[in-house]
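A quick write-up on the structure given underneath.
Hydrogens, waters and symmetry mates are skipped; everything else that's a heavy atom, side chains included, is used. The first residue of the sequence shown is numbered 1, and numbering continues consecutively from there. Counting starts at 1 for both ligands and their atoms, following the listed order.
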Amino acid sequence: MRIDVVTIFPEYFGPLDLSLIGKARASGLLEVGVHDLRTWTHDVHRTVDDSPYGGGPGMVMRPEPWGEALDALVAGGRGEPAGGAPGGGVRLVVPTPAGEVFTQAMAHDLAAEQRLIFACGRYEGIDQRVLDHAATRMPVTEVSLGDYVLFGGEVAVLVMCEAIVRLLPGVLGNADSLAEESHAHGVLESPVYTKPPEWRGHPVPEILRSGDHGRIARWRRDQALLRTARRRPDLLAALDPGTLDKRDVALLSGAGFQVRGADMAK
Ligand SMILES: C[S@@+](CC[C@H](N)C(=O)[O-])C[C@H]1O[C@@H](n2cnc3c(N)ncnc32)[C@H](O)[C@@H]1O
């Protein structure tokens, strides 16, 4: 996969050199280009913003530098102009609090793309025409990290990059971690423990030290379901009842949680 990020703060992306993303880059599983939007300005002040049409507070990112940046990246894949099919298998991802909320499912969809361009907004955001024009030549996805407002899109892009890159084949040492973790199957992961067996008066649940893999798996499943029901009833409500077995349903109803479509449990 190749990821290009356009921003007025390239320094924000130092963490893309670190940890498993850094290793993925070093091993060739991932290419990353971070581009300063001001490269595509032509005035002495390298201006990227202007006052909003219609009035109101704040400034809006001007379309011209964004248009040139996307022209260059779409055409060349690395910022240099080149030929090739319009779009060329690229998806533009624009972080905005007005976008669709980012989920693990969306991370999976984006991880299946060959190339992603992230456009980091600042001020009151990017002139809408940039997105409208880009949509004539490539898919455009507007993504929100959640129902709050950040200063800019950089942090949101770092979050999305982590979630996406860890799904790329070969990036995680043990791909099984992906199957077990929170949000993989609509439930949260059970609590996890390591040595020592007792710490500050808190013992590790005995069952995890029993060596009985069947009972451990069932305990983890129970904890995952109860945790999800208590913390994220929205996830429980959205769960496909066909993924539950009769013991799951008995556990949840015994703990006072109603399961939608309980009669469909296996
Ligand atoms: C101050 S915000 C602009 C907010 C915009 N005026 C609005 O009300 O929708 C500046 C930039 O931060 C980023 N941003 C802010 N909150 C975000 C969120 N919840 N998710 C993703 N990006 C966000 C976007 O790139 C946005 O263009």
Minimum-distance protein heavy atom relative to atom 14 (N) of ligand 1: Pro97 CD, 3.6 Å
Interatomic spacing from CZ in Phe102 to CD1 in Ile164 - rounded to 0.5 Å: 5.0 Å
Chi angles and distances behind the side-chain contact (heavy atoms from CB on, under 4.5 Å) call for Ile216, Ser210: CA-CA 8 Å; Ile216 291 173; Ser210 69; 4.1 Å; yes
Gly121: numbered ligand 1 atoms lying under 4.0 Å from its heavy atoms: 11 (C), 25 (O), 27 (O)
Ligand 1 N/O within reach of Ile126 N/O, cut-off under 3.5 Å: no
Val149: numbered ligand 1 atoms lying under 4.0 Å from its heavy atoms: 1 (C), 2 (S), 16 (N)
Where ligand 1 meets Gly146 - atom numbers and elements under 4.0 angstrom, heavy-atom basis: 19 (N)
Protein contact to atom 16 (N) of ligand 1 [nearest heavy atom, distance to 0.1 Å]: Leu150 N, 2.9 Å
Ligand 1 to Leu145 polar contact by distance, N or O atoms, under 3.5 Å: yes
Any Val143 heavy atom less than 4.0 Å from ligand 1: yes
Nearest non-hydrogen partners of Thr243 and Arg221, listed with the distance: O-NH2, 3.2 Å
Within-cut-off N or O pair, Pro95 and ligand 1, under 3.5 Å: yes
Full working for side-chain contact (heavy atoms from CB on, under 4.5 Å) between Val32 and Arg2: CA-CA 6 Å; Val32 175; Arg2 177 163 176 100; over 6 Å; no
Donor-acceptor pair, side chain of Arg25 and main chain of Leu16, under 3.5 angstrom: yes
Glu124 N/O under 3.5 Å from ligand 1 N/O: yes
Atom 21 (C) of ligand 1: nearest protein contact (heavy atom, Å): Thr96 N, 3.4 Å
Check: Glu113 main-chain N/O paired with Arg91 side-chain donor or acceptor under 3.5 Å: no
Per-atom contacts of ligand 1 with Tyr148, taking only distances under 4.0 Å to non-hydrogen atoms: 16 (N), 18 (C), 19 (N)
Tyr123 heavy atom under 4.0 Å from ligand 1: yes
Donor-acceptor under 3.5 Å (Ser182 side chain, Glu189 main chain): yes
Side-chain donor or acceptor of Arg220 paired with backbone N/O of Ser190 under 3.5 Å: no
Distance filter under 4.0 Å to Gly125 heavy atoms, resulting ligand 1 atoms: 27 (O)
Exam field: side chain Ser19 to backbone Ile21, donor-acceptor pair closer than 3.5 Å: no
Proximal atoms of ligand 1 relative to Ser144 (non-hydrogen, under 4.0 Å): 19 (N), 20 (N), 21 (C)
Electrostatic pair Asp49-Arg62, nearest N-O below 4.0 angstrom: no
Side chain, backbone, both or neither: the part of Ala156 lying under 4.0 Å from ligand 1 by heavy atom: side chain
Test item: His183 side-chain N/O and Thr103 main-chain N/O as donor-acceptor pair under 3.5 Å: no
Under-4.0 Å heavy-atom contact between protein and atom 8 (O) of ligand 1: no
